[in-house]
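Each remark here refers to the structure printed beneath this line.
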There are 2 protein chains.
Amino acid sequence: MVQYNCPPLDLSFAALSDATRRGIIDQLGQGDASITSLADTFQMTLTGMKKHIQVLERAGLVVTQKVGRVRTCKLGKRGLGAEAEWIEAHRKLFQTRFEALDEIISELEKEGNDEPAS
Amino acid sequence: MVQYNCPPLDLSFAALSDATRRGIIDQLGQGDASITSLADTFQMTLTGMKKHIQVLERAGLVVTQKVGRVRTCKLGKRGLGAEAEWIEAHRKLFQTRFEALDEIISELEKEGNDEPAS
DNA sequence: TAAATACTGAACTATATGGTTCAGTATAAT
DNA sequence: ATTATACTGAACCATATAGTTCAGTATTTA
């Protein structure tokens, strides 16, 4: 039986499934930030923000470094390559599947630009 | 022609964060399947598989239809467009960030330990 | 030295997830 | 009419998540 086990994707997709964490990535894309400034931006306690950062760190999406009393967070070098690969590969799979059912799909789409569901 | 009835990214990324569910998508890419055959493939109870399918359905990644006593699962028309968009946009963000902070990143990698030994 | 700042960890709450078993219902096959 | 098949729902379990408060420690700053 094929093993579909892929821990890094588990961790990164789980990390991306939270709007606050996606927001943190947005924010870090603008520049590095401390836990305090992120907690302030997202109106959350320091402890709560630290947990989000830990989730992002475990997924390799963020790295942090503590200098003095300030922990600075930045985007991880790992990036989103593996996730992009999986998504792209399977996006094609979806499309292929629909092409195989082209006659049915195109018929449905002719009935309206949106969902044909009544 | 992108997303119309698009459930939030929260739901789809959460759905993709489980290896079994990613495997189900692989499987459905090969052809439609019943709950029973999927449960068999992934060595799981029917009830367990039904829960996974429900998660995928809520995310819009899978649609199902019950005919007689068999519920057939197939890939949802929604696809992975919204997810691909988010990932691609942010992948560029990561890259831009690294170019800007190349020297700092390499310094981080040299240190490795950010916790003072107390 | 004293006080403010920045973070950390433990503990708690509430809810979700991933899985099970068990007891059904509806449908198909014999 | 029986029986087997396919699914469904409720209930349960263990663990994880998303957040909090509270009590610290370590580091600046005044």
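Within every chain, numbering begins at 1; the chains are lettered A, B, ... in the order of the sequence lines, protein sequences first and strands thereafter. Worth knowing before you read on, the calculation uses all heavy atoms, side chains too, and leaves out hydrogens, waters and symmetry mates.
- D:dA16 atom C1' lies 13 Å from atom CG of A:Asp18, rounded to whole Å.
- If you find the closest nucleotide of DNA chain D to A:Thr20 and to A:Val67, the one lying nearer the 5' end belongs to A:Thr20.
- Whole-Å rounding puts the A:Ile53 CD1 to D:dT17 C1' distance at 16 Å.
- For D:dT17, neither phosphate oxygen OP1 nor OP2 lies less than 4.0 angstrom from any side-chain nitrogen or oxygen of A:Arg21.
- Taking atom CD1 of residue B:Ile35 and atom C1' of nucleotide D:dA6, one finds them 9 Å apart after rounding to whole Å.
- Remark: P of C:dT20 and CE of B:Met44 are 6 Å apart, rounded to the nearest angstrom.
- The base of D:dG9 lies close enough to the side chain of B:Thr47 for a donor and an acceptor atom to sit less than 3.5 Å apart.
- Rounded to an integer number of Å, the gap from A:Leu46 CG to C:dT8 P is 9 Å.
- B:Gly68 comes within 4.0 angstrom of the backbone, heavy atoms only, and of no base.
- Atom NZ of B:Lys51 and atom C1' of D:dA10 are 10 Å apart (whole Å).
- Neither side chain, A:Gln65 nor A:Thr72, offers a donor N or O lying under 3.5 Å from an acceptor on the other.
- Residues B:Met49 and B:Leu38 approach most closely at CE-O, 3.4 Å, considering heavy atoms.
- Between the side chains of B:Glu57 and B:Thr64, at least one donor N or O sits under 3.5 Å from an acceptor N or O.
- Residues B:Ile53 and B:Val62 come closest through the heavy atom pair CG2-CG1, 4.5 Å.
- Ranking D:dG19, D:dA11, D:dT8 by closeness to the B:Arg71 side chain, first place goes to D:dT8.
- The nearest heavy atom of DNA chain D to A:Ala14 and to A:Arg69 marks one nucleotide each, and the one closer to the 5' end goes with A:Ala14.
- The nearest whole Å value for the distance from the CE atom in B:Met49 to the C1' atom in C:dT20 is 14 Å.
- Taking the six-membered ring for Trp and thresholds of 30 and 60 degrees, A:Phe13 and A:Trp86 have ring planes more than 60 degrees apart, a perpendicular arrangement.
- Residue B:Lys66 places at least one side-chain N or O under 4.0 Å from the OP1 or OP2 atom of D:dT8.
- Put simply, CD on B:Gln54 is 12 Å from P on C:dG18, counting in whole angstrom units.
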